[in-house]
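Side-chain atoms are counted along with the backbone in the values below, which use heavy atoms only and exclude waters and symmetry mates. Letters go in sequence order (proteins before strands), and every chain restarts at 1.
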Amino acid sequence: MIALVDCNNFYASCERVFDPSLNGKPIVVLSNNDGCVIARSNEAKALGIPMGAPVFQYSRLIEAEDVKVFSTNFALYGDMSRRVMSILSEYAKDIEIYSIDEAFLEMGRGDDAYLDSLAKEIRRQIEKQTGIPVSIGIASSKTLAKVATHIAKKDPDCKGTYVLSDPAVRDEILGKYPLREVWGIGRRLSERLEEMGLRTALDLVRLPENIILRELTVIGLRLKKELGGIPSVPFESANKAKKAICTARSFGSMISDYELIAQAVANHTVTCAAKLRSQNSYAGSMMVFIHTNYFRQDLAQYKKNIVVSFPPTQDSLELVRIAKDALARIYRSGYEYKKAGVILMDFEKEAGMQEELFHESPVENQNMQLVNAIDALNKKYGKNTVRIADQGLGNKHAPHQEHRSRSYSTNWDDMLEIHARAHGRSSGK
DNA sequence: TCTGGGGTCCTAGGACCC
DNA sequence: TCTGGGGTCCTAGGACCC
């Protein structure tokens, strides 16, 4: 059986852990640039603030209802996530960290009562040790575990956990479960299914395989099997190396100046390169893209990307040179740009790397000593303490962040202290 | 005034091979 | 009038996830 553990309103809950006066109050957490609502407490959901809502469209409601607003604080959410995941791995035979706030656990066999009591214990420990409330659903496939978690979250009688195993109960639940809510069915697919006359998850399970294959290809077939309780999405415990690494940001305001955009691109490239080295990969190609503000149809629009290939490298200096070169080829003057991004692709691992006939081996690349030294300094003294000149010193394209919560320490002892104090008890450290 | 960021997987169609 | 069969690889774009 597979459990899905899902942190409730994760970012909002993180903010709450360190300030219990927020309990019971509506909270929203904003996207980068303070643009959209990307997380809401239950109270904020009840006020009708939708996921992804542009915050300026709700400013009156936010003010009238005294909604607490936070800019993203990913350092904090990342730390909380790691803590939650580490506790989860103590309880599971195997764990797949699916996202910052979700994990699948391999639970082995057991009757419903046993599985539910184990889930309750996990839930209690997470709450006690981190302050984050979670919902846990258990079933025989990942997709059904998602359904079970949904029930665990919505039905107060479940007290946060639900085991979905009995086939008759499963059919009854799926018969009321809208297709759009199924994991893997998005807007387009649900429109398609509706045209075919299907409404609930059970309708899909009961559709004959040959029709599914013809109309919905292997994607539909996999969904049918998963919903029927046959696991068809593999459990992936090892955190696999990424196949692409992307850094992209909207600018705080629109920029037309080439030098400033080049600095942003250099910064994104350096960030990507650091992620690349941390998974010990070498990139063989990159995409650089820029575009103007889609929402300003009154202004001239331009969007362009370019993909360039090169001998595999993880050298920041080399990658920045390539990225600036690529940018120069797509930049057009006379536009107000809103966003720039860099994506590294075509990765190779050192061991399997083909030597280039006319190019020095990346392993012997002299720059790497320098890059490694920069990594070490930045690790010790903080991000960007040492930087490449191309990155610039100013921060004119920095995103807006007006509602940032305190940068609670990334030191766990301090965090637990704050948490404990906030909840009026000793940290017991 | 103002509208996120970071990923994966799949498909269709083209180019190419013998 | 009429032009094979079987396959791989690559890419762009779509769809989906959180």
Side-chain angles (χ1 to χ4, degrees), chain A residues 4-11 28-40 49-60 62 69-74 77-78 81 96-104 142-143 146 149 179-193 213 215-223 232-234 236 239-254 268 271-272 275-276 279 284-285 287 289 291-299 305-307 309 336 338-347 399-403:
Chain A
L4 174 67
V5 182
D6 191 331
C7 299
N8 300 343
N9 314 325
F10 184 55
Y11 299 164
V28 296
V29 178
L30 306 184
S31 63
N32 189 38
N33 239 347
D34 289 350
C36 297
V37 173
I38 58 168
R40 306 155 295 157
I49 301 173
M51 181 67 173
V55 69
F56 70 89
Q57 289 176 0
Y58 288 84
S59 46
R60 271 167 103 168
I62 284 169
V69 177
F70 292 91
S71 301
T72 53
N73 188 346
F74 274 106
Y77 312 149
S81 174
E96 173 184 341
I97 298 171
Y98 176 66
S99 73
I100 194 165
D101 71 332
E102 281 179 56
F104 290 105
K142 286 182 171 180
T143 307
K146 279 269 186 183
T149 304
L179 279 164
R180 182 64 181 84
E181 305 281 310
V182 174
W183 185 49
I185 298 182
R187 188 170 53 85
R188 302 308 291 268
L189 199 49
S190 61
E191 281 169 10
R192 183 86 206 288
L193 293 164
L213 265 180
E215 301 290 330
L216 305 166
T217 75
V218 294
I219 300 170
L221 191 56
R222 201 162 49 211
L223 282 166
S232 305
V233 179
E236 289 174 7
N239 51 339
K240 293 203 288 190
K242 305 230 179 300
K243 297 172 181 177
I245 289 173
C246 171
T247 304
R249 292 285 180 284
S250 298
F251 306 128
S253 49
M254 292 183 284
H268 296 340
T271 305
C272 281
K275 295 181 198 168
L276 185 72
Q279 69 164 37
S285 74
M287 177 191 287
F289 66 87
H291 63 74
T292 51
N293 188 344
Y294 300 135
F295 297 101
R296 293 294 300 271
Q297 289 301 322
D298 55 320
L299 299 177
N305 72 58
I306 182 170
V307 177
S309 297
E336 302 264 17
K338 182 60 177 172
K339 185 169 179 175
V342 173
I343 306 172
L344 299 181
M345 298 171 294
D346 288 329
F347 296 166
H400 294 300
Q401 290 224 309
E402 288 179 25
H403 311 280

Provide, to the nearest angstrom, the distance between the CE atom belonging to Met345(A) and the P atom belonging to dC9(B).
-> 16 Å
For atom OH of Tyr11(A) and atom P of dG5(B), their distance in whole Å = 13 Å
Atom-pair distance (CZ on Arg180(A); P on dA15(C)), nearest Å | 12 Å
Would Ser71(A) and Asp34(A) count as having a side-chain donor-acceptor pair, cut-off 3.5 Å?
-> yes
Any Arg249(A) side-chain nitrogen or oxygen under 4.0 Å from OP1 or OP2 of dG6(B) | yes
With sugar-phosphate meaning primed atoms plus P, OP1 and OP2, does Thr247(A) contact a base, only sugar-phosphate, or nothing at under 4.0 Å between heavy atoms?
-> sugar-phosphate
Give Gln57(A) one of three labels, base, sugar-phosphate or nothing, depending on what nucleic acid heavy atoms sit under 4.0 Å from its own.
-> nothing
Separation of Asn33(A) atom CG from dC2(B) atom P, in whole Å?
-> 11 Å
Assess whether side-chain contact (heavy atoms from CB on, under 4.5 Å) is satisfied between Thr143(A) and Val182(A), documenting all intermediate values.
-> CA-CA 7 Å; Thr143(A) 307; Val182(A) 174; 3.9 Å; yes
Which is true for Ser253(A) with a 4.0 Å heavy-atom rule: it touches a base, it touches only sugar-phosphate, or it touches nothing?
-> nothing
Look at the side-chain N and O atoms of Arg192(A) and state whether any lies under 4.0 Å from the OP1 or OP2 oxygen of dA15(C).
-> no
Heavy atoms under 4.0 Å, any strand shown: does Ile185(A) hit a base, just sugar-phosphate, or nothing?
-> sugar-phosphate
With heavy atoms under 4.0 Å as the rule, sort Asp34(A) into base, sugar-phosphate or nothing.
-> nothing
Carboxylate-amine/guanidinium proximity below 4.0 Å for Glu236(A) and Lys142(A) | no
Quick one: label Ile343(A) by what it contacts on the DNA or RNA (base, sugar-phosphate, nothing), any heavy atom closer than 4.0 Å.
-> nothing
Proximity to the side chain of Lys242(A) - top-ranked nucleotide from dC10(B), dT8(B), dG5(B) | dT8(B)
Output yes when Glu181(A) and Lys146(A) qualify as a salt bridge under the 4.0 Å nitrogen-oxygen rule, no when they do not.
-> no
Counting only side-chain N and O atoms of Ser31(A), is one of them less than 4.0 Å from OP1 or OP2 of dT3(B)?
-> no
Should Lys339(A) be listed as having a side-chain N or O under 4.0 Å from OP1 or OP2 of dT3(B)?
-> no
Pairwise distance CG(Leu223(A)) to CG(Leu189(A)) - rounded to 0.5 angstrom | 7.0 Å
Tell me which nucleotide among dT1(B), dC18(C), dG5(B) gets nearest to the side chain of Ser99(A).
-> dC18(C)
Heavy-atom closest pair (Met254(A) atom, Glu336(A) atom, distance to 0.1 Å) is CB-OE1, 3.8 Å
Classify the angle between the aromatic ring planes of Tyr77(A) and Phe74(A) as parallel (below 30°), tilted (30 to 60°) or perpendicular (above 60°).
-> perpendicular
Taking for each residue the nucleotide of DNA chain B bearing the nearest heavy atom, is the 5' side occupied by Phe295(A) or by Ala241(A)?
-> Phe295(A)
Heavy atoms under 4.0 Å, any strand shown: does Lys142(A) hit a base, just sugar-phosphate, or nothing?
-> nothing
Side chain of Phe56(A) (C-beta onward), nearest among dA15(C), dC2(B), dC18(C) = dC2(B)
Please work out if Tyr98(A) contacts a base, only the sugar-phosphate, or nothing of the nucleic acid, heavy-atom cut-off 4.0 Å.
-> sugar-phosphate
Is the shortest side-chain N/O distance from Lys146(A) to OP1 or OP2 of dC18(C) below 4.0 Å?
-> yes
Using a cut-off of strictly less than 4.0 Å, decide whether Arg222(A) has a side-chain nitrogen or oxygen near OP1 or OP2 of dC10(B).
-> yes
How close or far is atom C1' of dC18(C) from atom CZ of Arg187(A), stated in whole angstroms?
-> 17 Å
Could you give the CD-to-C1' distance, from Gln401(A) to dC2(B), as a whole number of Å?
-> 15 Å
Please determine, for the side chain of Arg188(A), which listed nucleotide (dC16(C), dC9(B), dG6(B)) has the closest atom?
-> dC16(C)
Would you indicate, yes or no, if dG5(B) has its OP1 or OP2 atom less than 4.0 angstrom from a side-chain nitrogen or oxygen of Asn32(A)?
-> yes
Select one nucleotide: of dC18(C), dG4(B), dT3(B), the one nearest the side-chain heavy atoms of Ser250(A).
-> dG4(B)
May I ask which nucleotide in the shown strands pairs with dC18(B), Watson-Crick or G-U wobble, both distances under 3.5 Å?
-> dG5(C)
Val307(A) near the nucleic acid: base, sugar-phosphate alone, or nothing, with a heavy-atom cut-off under 4.0 Å?
-> nothing
Whole angstrom is fine here: how far is it from CD in Glu336(A) over to C1' in dT1(B)?
-> 14 Å
Could you work out which one of dC9(B), dT1(B), dT11(B) sits closest to the side chain of Arg296(A)?
-> dT1(B)
When you match Ala244(A) and Met254(A) each to their closest nucleotide on DNA chain B, which lands nearer the 5' end?
-> Met254(A)
Taking dT8(B), dC18(C), dC10(B) as options, the one with an atom nearest any side-chain atom of Glu102(A) is dC18(C)
Whole-angstrom distance between dC18(C) and dT3(B), as gauged at atom P | 25 Å
Counting any heavy atom closer than 4.0 Å, what does Leu189(A) reach on the DNA or RNA strands: base, sugar-phosphate only, or nothing?
-> sugar-phosphate
Establish, with yes or no, whether the OP1 or OP2 oxygen of dG4(B) is under 4.0 angstrom from a side-chain nitrogen or oxygen of Lys338(A).
-> no
Round to a whole Å and report the spacing from CE of Met287(A) to P of dG5(B).
-> 16 Å
Lys243(A), NZ atom: more than 12 neighbouring heavy atoms under 6.0 Å | no
Assign Val29(A) to base, sugar-phosphate, or nothing according to its heavy-atom contacts below 4.0 angstrom with the strands shown.
-> nothing
